[in-house]
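In what follows, a structure is listed as structure tokens, so that the remarks can point back to it.
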Amino acid sequence: MATSNATLGERDDAAIAGIQKLRFNPLAARGGRGSYLTADDGRAILDLSASATAASLGYGHPAVIEAVTKAMADMAGASLLMYPNEPAAALAEALLETMPGDAERRVWYGHSGSDANDAAARVLEAATGRPRFISFIGSYHGGVAGSMSISGHTAMTHTLPRPGLLLLPYPDPYRPRFSPEAVLDMLDYQFETTCPPEQVAAVFIEPIMSDGGLIVPPAGFLKALEERCRRHGILTVLDEVKVGLGRSGALHAFSHEGMEPDMVVLGKGLGGGLPLSALIGPAAIMDHRPAFAIQTTGGNPVCTAAGLAVLRTVLDEDLPRRAAQVGTALMEGLRQLAERHEMIGDVRGRGLAIGVDLVTDRESRAPVPATTTAKVIVRAYELGASFIYVGLAANVLEITPPLVLSDAECEEGLAIIDKALGDVAAGLVPDEAVQAYMNW
Ligand SMILES: Cc1ncc(COP(=O)(O)O)c(/C=N/[C@@H]2CCCCNC2=O)c1O
């Protein structure tokens with residue numbers, strides 16, 4: 001049993017499984033309001049990660065509290081699997097309204113981006129009879145077997161990808177080792193040789209590659225990929241779990257490229273902190289019964305009530321525009337910091353999906369060591385802000401604050417990042433301070 005004087009962090013160490021942790025700083029959360037989490041030591045910590053974007057509206061948003069309280073007070077069951085409920089139907093109708101084109105579609109609900117991508121792969125294979133998938137090196141589609149097996153993130157190389165998966169490089173304008181043309185040529189060559197397109201059910205792609213390094217693909221790449229897929233009857237699955245629902249400066253990040261995806265995966269911020277994901281796809285696929293993607297509490301009335309409150313708030317308060325505005329200011333501020341901090345090689349992103357690429361020198365663009373990235377994050381936490389790092393070289397600060405971040409909070413975050421970068425460059429953070437926070 002926990003001893004009364006153990007800290008929350010010590011109790012977490014003693015009781016919670018390490019396999020579900022990916023800790024980037026010592027923050028142990030006691031509470032949270034708006035853009036801030038309350039740390040175990042009582043400090044208000046500006047959350048520039050929004051719990052890896054799950055807290056899309058920040059913490060304790062009144063619209064979510066009201067919706068969840070109402071849904072709990074008169075609970076329409078706990079299982080969409082067994083009976084329809086109003087919030088699930090209303091949210092599905094609202095989500096379908098946001099989709100481009102007039103295809104007949106259906107919504108499947110899950111609890112996480114992981115289970116939604118897993119369901120997508122399973123229903124696609126079952127409904128199309130095609131066993132192969134395409135995805136990208138650096139992609140992160142989730143942490144359950146089916147979504148891991150179609151991911152290309154180096155954090156998962158201890159598990160094998162699914163048989164027949166074709167992993168392509170994701171074109172990166174800052175490190176253009178593979179141009180978009182070369183990637184598409186590689187795909188064409190695969191189609192001509194070892195990956196017959198008629199065997200491929202779908203391509204999974206993030207419109208901005210998040211965990212792989214917050215990479216915005218070169219203009220036109222996504223559209224060109226979509227056109228190739230169409231040519232071969234290969235469906236497109238846009239994984240918007242992290243950058244969707246307004247974060248990129250548009251409701252759907254795929255719309256920046258004029259894409260009309262066959263399937264869209266939403267999660268994280270959809271639930272406003274509650275476990276909720278949504279897979280939107282063609283009715284012919286989503287109603288293919290042998291696919292069997294059932295989960296007892298998927299689409300329950302409490303989580304879907306939260307999701308409906310989130311979507312309505314995003315739309316009613318025009319948060320995509322807000323994200324574009326604040327994101328532009330934040331990126332401009334970060335680019336100004338680059339004038340003082342040589343370590344900043346690149347600032348990139350869309351809206352409030354922002355990456356700060358840290359390099360040893362701007363000529364070679366060689367990533368900084370992971371310890372350096374981790375030091376910036378731990379030092380920023382000591383100074384009052386929390387965010388994480390991404391990238392296959394663990395050198396990209398990921399800045400994805402709540403969509404309700406205020407201008408003042410934006411300035412506060414920039415000041416903290418500025419000081420953290422300076423303190424790390426001055427050697428003020430010892431290596432041993434970050435060993436516990438370098439987990440991928
Ligand atoms: C594009 C994309 N698709 C699916 C997922 C999986 O979502 P869940 O972790 O909610 O199952 C994710 C989750 N990404 C990781 C989760 C691990 C912690 C590090 N940060 C993330 O955002 C994602 O970014």
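Just so you know, ligand 1 is whichever comes first in the structure, and atom 1 is the first atom listed for that ligand. Just so you know, these numbers come straight off a predicted model, no measurement behind them. Atom set for the values below is all heavy atoms of this structure, side chains included, hydrogens, waters and symmetry mates excluded.
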Next item on the list: Flag the pair Arg230 and Glu226 as a salt bridge only when some basic side-chain nitrogen lies within less than 4.0 angstrom of an acidic carboxylate oxygen.
Entry: yes
Note to self: Could you measure the distance from the CG atom of Asp262 to the CE atom of Met99? Nearest 0.5 Å is fine.
What the structure shows: 9.0 Å
Considering only N or O atoms, set out every pair between ligand 1 and the protein closer than 3.5 Å, with distances to one decimal place.
from     : atom 1 : to     : atom 2 : distance (Å)
ligand 1 : 3 (N)  : Tyr140 : O      : 3.2
ligand 1 : 3 (N)  : Asp239 : OD1    : 3.2
ligand 1 : 3 (N)  : Asp239 : OD2    : 2.8
ligand 1 : 10 (O) : Gly113 : N      : 3.3
ligand 1 : 11 (O) : Gly113 : N      : 3.4
ligand 1 : 11 (O) : Ser114 : N      : 2.8
ligand 1 : 11 (O) : Ser114 : OG     : 2.5
ligand 1 : 14 (N) : Asp211 : OD2    : 2.8
ligand 1 : 20 (N) : Asp211 : OD1    : 3.4
ligand 1 : 22 (O) : Lys242 : NZ     : 2.9
ligand 1 : 22 (O) : Lys268 : NZ     : 2.7
ligand 1 : 24 (O) : Asp211 : OD2    : 3.2

Next item on the list: Can you measure from CG (Leu405) to CZ (Arg322) and round to the nearest 0.5 angstrom?
Entry: 7.5 Å
Next item on the list: Apply the ring-ring contact (aromatic ring centres under 6.0 Å, His included) test between Phe204 and each candidate in Phe136, Tyr140, Phe133, Tyr170; give the one that qualifies.
Entry: Phe133
Notebook entry, point to check: With ring centroids as reference points, do Tyr36 and Tyr59 lie under 6.0 angstrom apart?
Noted result: no
Item checked: Set of residues satisfying side-chain contact (heavy atoms from CB on, under 4.5 Å) with respect to Ala67, sequence neighbours excluded -> Ala305, Ala309
